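Data block below; observations after.
Residues take their numbers from the sequence shown, with the count starting at 1. In this text the structure is predicted, and so the values were computed from the model without any measurement.
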Amino acid sequence: MSTASKRSKGLTLTDILVTIVISVVFGLIYKIWGPMYDLLKPLGLHAEQLSYGMWFMAGTFAFLLIRKPGAAILAEVSAAAIEAFLGGSWGISTLWYGLFQGLGAELFFALFLYRKAGPVVAVLASLGSATASIFIDRHYGYIDQLAFWNYALFISMRLLGSLVIAGLFAWALARALERTGVVNLLRPASAKDYDALGN
């Protein structure tokens, strides 16, 4: 059976455990990252929105390593649960953010049939997470009434932060791990794996 056919199956126990470990790490990072929002806010121009990219990274990074359906959702929800457990600023609503941000990323991985894991797909998935977060913010009333130009700037800064951190940085980190051979402990790396990361 080929590597591709194996990957098309659902998450194994090993996949789930690795994803949970990734989520614990990111849950801790999410909690520590919180003050970055407050540090950037005084700069104006919605600079604080750039920090949001970190909160979308668990899903994209987990998928880039596991390469299976459900990895992004599981990682985001689990990381959100850890953050909430540690007393995150948004309380239980963090779980809803995790779920929908994971779904936002998962949609783009599914669009490419879970066969692509390059920078373009990672960026699209990160933008999916960011878009989902904006809809949830509106639902909870976290977004103030803004003039069109101000709202466009707000969205642009969040998308930019997501693109850089949850997209390109997550891809670069996953690629670096692939090259060290660490990921071979999770799944045998093949030429297709390296090709996928390059597409």
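A single hydrophobic cluster is not seen to contain both L177 and L17; linkage of ILVMFWY side chains at heavy-atom distances under 4.5 Å, directly or through other members, places them apart. The hydrophobic cluster containing L86 also contains I29, counting ILVMFWY residues as joined when their side-chain heavy atoms lie under 4.5 angstrom apart, directly or transitively. Under the 4.5 Å side-chain heavy-atom criterion for ILVMFWY residues, no single connected hydrophobic cluster contains both I66 and V21. Using a 4.5 Å cut-off between side-chain heavy atoms of Ile, Leu, Val, Met, Phe, Trp and Tyr, with links allowed through other members, I32 and I82 fall into different hydrophobic clusters. Two different hydrophobic clusters hold L107 and Y114 under the rule that ILVMFWY side chains link at heavy-atom gaps under 4.5 Å.
Using modelled atom types, no side-chain atom of S162 and backbone atom of R158 make a donor-acceptor pair closer than 3.5 Å. S78 contributes no side-chain N or O that, together with a main-chain N or O of I20, makes up a donor-acceptor pair within less than 3.5 Å. When atom types are taken as modelled, the side chain of E76 and the backbone of G59 share a donor-acceptor pair closer than 3.5 angstrom. Under the 3.5 Å distance criterion, the side-chain polar atoms of E106 are matched with a main-chain donor or acceptor of G70. D137 places no side-chain N or O within 3.5 Å of a backbone atom of I134 that could act as its donor or acceptor partner.
The two residues L127 and L159 come nearest to each other via the heavy atoms CD2-O, 3.5 Å. Nearest heavy atoms, L40 versus E48: CB-CA, 3.6 Å. Between L168 and P119, the shortest heavy-atom distance links the atoms CD2-CB, 4.2 Å. Between T60 and A170, the shortest heavy-atom contact is OG1-CB, 3.6 Å. Heavy-atom minimum distance, A122 versus W171: CB-CB, 4.0 Å. Taking both residues in full, the closest heavy atoms of F100 and A132 are given as O-CB, 3.3 Å, listed atom of the first, atom of the second, then distance.
Annotation: the span from T19 atom OG1 to I22 atom CD1 amounts to 5.5 Å, rounded to 0.5 Å. The line from NE2 of H46 to CD1 of I155 is 9.5 Å long, rounded to the nearest 0.5 Å. Between I165 atom CD1 and L160 atom CG the span is 9.0 Å, to the nearest 0.5 Å. To the nearest 0.5 Å, atom OG of residue S23 and atom CD1 of residue I16 are 11.5 Å apart. Q101 CD to I136 CD1: the interatomic distance, rounded to the nearest 0.5 Å, is 5.5 Å. Atom NZ of K31 sits about 11.0 Å away from atom CG of L28, to the nearest 0.5 Å.
For the pair V18 and L65, the minimum side-chain heavy-atom distance is 4.5 Å or more. Under the 4.5 Å side-chain criterion, counting only non-hydrogen atoms from C-beta, W55 is not in contact with Y97. Taking the side chain as every heavy atom from C-beta outward, E178 and L64 never approach each other to under 4.5 Å. For the pair F169/F61, no side-chain contact is recorded, criterion being any heavy-atom separation below 4.5 Å from C-beta on. Under the 4.5 Å side-chain criterion, counting only non-hydrogen atoms from C-beta, I73 is not in contact with F109. Counting heavy atoms from C-beta outward, L173 and M57 have side chains that approach closer than 4.5 Å.
Dense packing is recorded around OH of Y151, with more than 12 heavy atoms of other residues, nucleotides or ligands lying under 6.0 Å away.
You'll find the ring centres of Y30 and W33 outside the 6.0 Å limit.
Taking the six-membered ring for Trp and thresholds of 30 and 60 degrees, Y52 and Y37 have ring planes more than 60 degrees apart, a perpendicular arrangement.
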